[in-house]
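Let me begin by presenting the structure, written as structure tokens, before commenting on it.
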Amino acid sequence: MKVLYIEDNSVSVRLVGRVVRNIGGELTAVGTGAGAINQLGQPFDVILCDLGLPDMDGVQIIRAIRERLPTVPIVAMTGYGMNTERQACFEAGCNAYLAKPIEPSDLENLLRRLLTSSPP
């Protein structure tokens, strides 16, 4: 399982990296929206996207990813957790939304669920 994590906080990257490795996956982390867009030519099984990034709004990134990768599961991850933001993420094309702080077991369960329900 290959996971792209778009996040500028190194503590979050370490935590998510541990979870991904615990389930046998490989994490690629980038700290900007532009960096994420540059990675989209590589195959990923799941994309995790923080919403508060230094160069782009997370919803914009989700839209850009969805245009290029219509079937890859996208999970929005944020410390804000407002209902309007959640709705905007789903409208942009994300499959799930997690508010930080994220419980590692919740993330692990979500990743397993998304991977088993993804189209081949």
Side-chain angles (χ1 to χ4, degrees):
M1 165 187 50
K2 292 186 71 163
V3 177
L4 175 63
Y5 187 23
I6 309 157
E7 170 64 73
D8 61 333
N9 181 296
S10 62
V11 173
S12 292
V13 170
R14 284 194 303 273
L15 170 75
V16 169
R18 248 183 272 132
V19 171
V20 170
R21 284 188 299 279
N22 283 345
I23 60 175
E26 176 187 329
L27 184 74
T28 299
V30 294
T32 64
I37 301 300
N38 289 335
Q39 293 289 322
L40 295 182
Q42 298 183 43
F44 291 102
D45 299 300
V46 176
I47 297 174
L48 308 173
C49 185
D50 181 38
L51 298 181
L53 294 163
D55 65 334
M56 291 176 74
D57 174 80
V59 174
Q60 293 172 321
I61 298 167
I62 292 168
R63 282 191 189 109
I65 293 168
R66 188 51 72 214
E67 286 175 9
R68 290 171 179 85
L69 303 172
T71 61
V72 173
I74 303 170
V75 178
M77 299 170 65
T78 184
Y80 306 122
M82 298 182 309
N83 284 334
T84 54
E85 182 179 75
R86 177 186 303 259
Q87 184 63 33
C89 288
F90 283 113
E91 288 172 2
C94 76
N95 300 81
Y97 181 97
L98 292 174
K100 295 176 186 176
I102 295 165
E103 191 64 42
S105 61
D106 292 342
L107 178 59
E108 181 176 330
N109 291 334
L110 175 61
L111 289 172
R112 289 183 189 279
R113 185 173 47 98
L114 288 172
L115 290 171
T116 59
S117 66
S118 296

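Please read these numbers as outputs of a predicted model, since none were measured by experiment. Residue indices begin at 1 and follow the sequence shown.
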What pair of heavy atoms forms the shortest contact from [X] to [Y], and how long is it?
X   : Y   : answer
E26 : V20 : N-CG1, 3.6 Å
V59 : L51 : N-CD2, 4.2 Å
C89 : A76 : SG-CB, 3.7 Å
A29 : V13 : CB-CG1, 3.7 Å
E85 : Y97 : OE1-OH, 2.8 Å

Handout entry: Verdict with supporting geometry, E108 and R112, salt bridge (charged side-chain N to carboxylate O under 4.0 Å, His left out)
Key = CA-CA 6 Å; E108 181 176 330; R112 289 183 189 279; 3.1 Å; yes

Heavy atoms, side chains only, cut-off 4.5 Å: are [X] and [Y] in contact?
X    : Y   : value
L27  : V3  : yes
L107 : L98 : yes
D55  : Q60 : no
L48  : E7  : no
I6   : Q39 : no
L69  : I47 : yes
M77  : V16 : yes
K100 : S12 : yes

Practice task
Answer yes if L53 and L40 sit in the same cluster of Ile, Leu, Val, Met, Phe, Trp and Tyr residues linked by side chain heavy atoms under 4.5 Å apart, and no otherwise.
Solution key: yes

Practice task
Would you kindly confirm whether L15 and I23 end up in one hydrophobic cluster when ILVMFWY residues are joined by side chain heavy atoms under 4.5 Å apart?
Solution key: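 No: no chain of side-chain contacts under 4.5 Å links L15 to I23.
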
What is the distance from atom [atom1] of [X] to atom [atom2] of [Y], rounded to the nearest 0.5 Å?
X   : Y   : atom1 : atom2 : answer
I61 : R63 : CD1   : CZ    : 11.5 Å
N38 : T32 : CG    : OG1   : 7.5 Å
T28 : Q42 : OG1   : CD    : 6.0 Å

Problem - Test applied, side-chain contact (heavy atoms from CB on, under 4.5 Å); reference residue, V75; option that passes from I62, I102, L110 - result: L110

Problem - I74 backbone acceptor or donor facing N95 side chain under 3.5 Å - result: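 Yes, the answer is positive, given that a donor and an acceptor are paired below the 3.5 Å cut-off.
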
